[in-house]
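Everything on this sheet refers to the single structure shown next.
So that the names make sense, note that chain A is the first sequence line, chain B the second, and so on, each numbered from 1.
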There are 2 protein chains.
Amino acid sequence: MINKTETLQRTATQPDAQAAQESLTSRVYARLRADILAGRLEPARKLKIEDLRKSYGAGASPIREALSHLASDHLVERLDQRGFRVTDVSGEEFNELRKTRCWLEERALRESIAHGGPDWEERVVLAAYRLSSVPWSKSADEYVVNGEWEDLHKAFHMALISACGSAILLRFCSQLYDQNIRYRVLSNRAAYRERDSSAEHEAIREAALARDADLAVERLLAHYSRTGSYLRDTFD
Amino acid sequence: MINKTETLQRTATQPDAQAAQESLTSRVYARLRADILAGRLEPARKLKIEDLRKSYGAGASPIREALSHLASDHLVERLDQRGFRVTDVSGEEFNELRKTRCWLEERALRESIAHGGPDWEERVVLAAYRLSSVPWSKSADEYVVNGEWEDLHKAFHMALISACGSAILLRFCSQLYDQNIRYRVLSNRAAYRERDSSAEHEAIREAALARDADLAVERLLAHYSRTGSYLRDTFD
DNA sequence: ACTGTTCTGATTATCGAATTTATCTCGGCC
DNA sequence: GGCCGAGATAAATTCGATAATCAGAACAGT
């Protein structure tokens, strides 16, 4: 159901061969989602159906349905009978998000470490390797979002908890991960140069594969909390 | 947001006064949801837009949007370009659901007990009292779903965890609670007479208000697990 | 000058029809 | 006899237009 966030290079009027398979709604959904996560549609922005129709080259129904889908991901909000807007960001929202993610991912990681088999270990190793071989930022001088790294980063964190034994919990974690992306991008702007994220990932991977649940959880939660400390300035 | 299932007899051109406030989409959503939870739309049933249009008296767009919303609640599934169906029930699905609910609600309950103030205590007391004053089943001889009890039961369980400090976690718990309703109704058919649910609720309430987190969690999880034991027969 | 009201332009929510896509049926072929 | 593909049917998806609704401006009354 959830398809990977692809780069979405496209003229809306001339759909390419493979995209023709999936519905227009899901293409619009994917593009809107990518635009929101990358900040091209900034927080709190009003999303007028008519405007979106023009920019995405679709009728009202697919647009509306895609927005509806995004609303259940909490990336957009619906306002009674006044349409949609991009969900706003705030310090409170971020704190709640971080806290909840820590609760859920701690449980998921402990379960994975307890029950994960060789296949889980291999998924973690592979995801970690892939992540390590791609640069964090597209530019060396300042932080510029790298879509490929983003995908691999999510894949790594999902691999860590993939053996938790509950697809439902994985879905929640995935959803919260996505909600967090916008905050992390903000944080990275401040944290660039100061933070060594690949070392953090390596430490988490090591503890998880050593089956040291307490240490792995400690490192994972610290990894998440660190983002918060860099964000504190942004919202003050 | 969720309103009772009203009969909705009206020509679309002349809506009655109070229903005019909310959108047609949300009314269709509420009715579909109620029909699924009550089993009037049975698991795995194909939901044809055309049929729904006739029975719910709405155009394709509101129907589709309501179904889309239900899909993110996991009460219906979308099949690529082959429409929607009611999500099927199965033993595996139930077990995963129960496991995940226990994980999430344990955390939520512990947080509530740790941080809940007098307002939380009052909400719990009130919800427990209301629940205790309504019969479980509409009939004394056999189990017949009582909508009022259902609402109060959910309200009680949500009140217990309402001070957990995360609206996000509450949303997840609420969603899982709803997903579980269909299973619980099945279980109650088997469990009727054997089970004393009000005593179980009383025990949970007591432990929670006494701030004994371990005991409260133990009782809550046992409460959830008991449903499962009654269900085992159903899926074998 | 202030509050409440009506009008107006803009925007959303909804509909019914047209289009695209899947499913089913039947006949020909191996 | 079973398999494959073409045509017919049913269904989902999408579109363009219409009706309902909202926010803001101009206006009138106290």
Side-chain angles (χ1 to χ4, degrees), chain A residues 1 3 10-32 41 44-72 75-87, chain B residues 1-3 6 8-32 41 44-72 75-87:
Chain A
M1 174 201 168
N3 36 22
R10 65 298 99 141
T11 43
T13 47
Q14 189 233 33
D16 49 302
Q18 62 190 24
Q21 291 309 320
E22 45 180 18
S23 68
L24 187 46
T25 296
S26 40
R27 270 179 288 161
V28 171
Y29 168 76
R31 281 192 58 196
L32 270 169
L41 293 172
R45 169 166 177 162
K46 182 77 203 300
L47 294 168
K48 295 182 201 158
I49 306 274
E50 192 53 36
D51 293 353
L52 296 177
R53 274 190 44 172
K54 275 178 263 181
S55 13
Y56 293 81
S61 317
I63 299 273
R64 167 164 278 281
E65 199 167 329
L67 286 170
S68 195
H69 191 171
L70 287 164
S72 47
L75 291 176
V76 314
E77 287 172 327
R78 22 166 33 116
L79 314 169
D80 204 35
Q81 338 240 139
R82 277 168 286 143
F84 300 85
R85 81 166 61 167
V86 179
T87 300
Chain B
M1 176 202 171
I2 290 128
N3 39 22
E6 45 199 344
L8 265 188
Q9 199 47 268
R10 84 287 102 127
T11 44
T13 48
Q14 191 234 32
D16 51 298
Q18 62 189 27
Q21 290 309 321
E22 45 179 19
S23 69
L24 185 48
T25 296
S26 38
R27 269 179 289 161
V28 171
Y29 168 77
R31 280 193 59 195
L32 270 169
L41 292 171
R45 170 166 177 160
K46 181 79 203 297
L47 295 169
K48 294 185 203 159
I49 307 274
E50 192 52 36
D51 294 352
L52 298 177
R53 274 190 44 174
K54 274 177 262 179
S55 11
Y56 294 82
S61 319
I63 299 274
R64 167 165 278 279
E65 205 164 318
L67 286 170
S68 196
H69 190 171
L70 287 164
S72 47
L75 292 176
V76 314
E77 286 172 328
R78 18 166 39 114
L79 314 169
D80 203 35
Q81 343 238 130
R82 276 168 290 145
F84 300 84
R85 82 168 58 169
V86 179
T87 300

Exercise. If you write DNA chain D from 5' to 3' in dot-bracket form, with Watson-Crick or G-U pairs under 3.5 Å, [ ] for crossing pairs and | for pairs with another strand, what do you get?
Worked result: ||||||||||||||||||||||||||||||
Exercise. Which whole-number value in Å describes the distance from A/L52 CG to C/dT11 C1'?
Worked result: 12 Å
For this session: Could you tell me the separation between the OG atom of A/S72 and the CG atom of B/L70, rounded to the nearest 0.5 Å?
Result: 10.5 Å
Seminar exercise, completed: For B/R85, the salt bridge (charged side-chain N to carboxylate O under 4.0 Å, His left out) test, sequence neighbours excluded, returns none
For this session: Take atom CG of B/D80 and atom P of C/dT21, then tell me their distance rounded to the nearest Å.
Result: 11 Å
For this session: For B/R53, enumerate each residue passing the side-chain contact (heavy atoms from CB on, under 4.5 Å) test, keeping only those at least two apart in sequence or located in another chain.
Result: B/I49, B/E50, B/A60, B/I63
Problem set entry | Sub-4.5 Å side-chain heavy-atom contact between A/V76 and A/L32 | no
Dump every N/O contact between nucleotides 6-11 of chain D and the protein below 3.5 Å, one line per pair.
| from | atom 1 | to | atom 2 | distance (Å) |
| --- | --- | --- | --- | --- |
| D/dA11 | OP1 | B/K48 | NZ | 3.1 |

Problem set entry | Straight-line distance of B/E77 CD to B/R82 CZ, nearest 0.5 Å | 11.5 Å
Exercise. Roughly how far, to the nearest 0.5 Å, is the NZ atom of B/K46 from the CZ atom of B/F84?
Worked result: 10.0 Å
Exercise. Any idea which heavy atoms bring A/P62 and A/G59 closest together, and the distance?
Worked result: CD-O, 3.3 Å
For this session: Please name all residues satisfying side-chain hydrogen bond (donor to acceptor under 3.5 Å, both in side chains) with B/R45, sequence neighbours left out, ordered by chain then number.
Result: B/E42
N/O contacts under 3.5 Å, protein versus nucleotides 14-16 of chain D?
| from | atom 1 | to | atom 2 | distance (Å) |
| --- | --- | --- | --- | --- |
| D/dT14 | OP1 | A/L24 | N | 2.3 |
| D/dT14 | OP1 | A/T25 | N | 3.4 |
| D/dT14 | OP2 | A/T25 | OG1 | 2.7 |
| D/dC15 | OP2 | A/G59 | N | 2.3 |
| D/dC15 | N4 | A/S61 | OG | 2.8 |

Exercise. Whole Å only: how far is the NZ atom of B/K54 from the P atom of C/dG16?
Worked result: 14 Å
For this session: Could you tell me the separation between the NE2 atom of B/H69 and the CZ atom of A/R78, rounded to the nearest 0.5 Å?
Result: 8.0 Å
For this session: To the nearest 0.5 Å, tell me how far B/R31 CZ sits from B/L52 CG.
Result: 10.0 Å
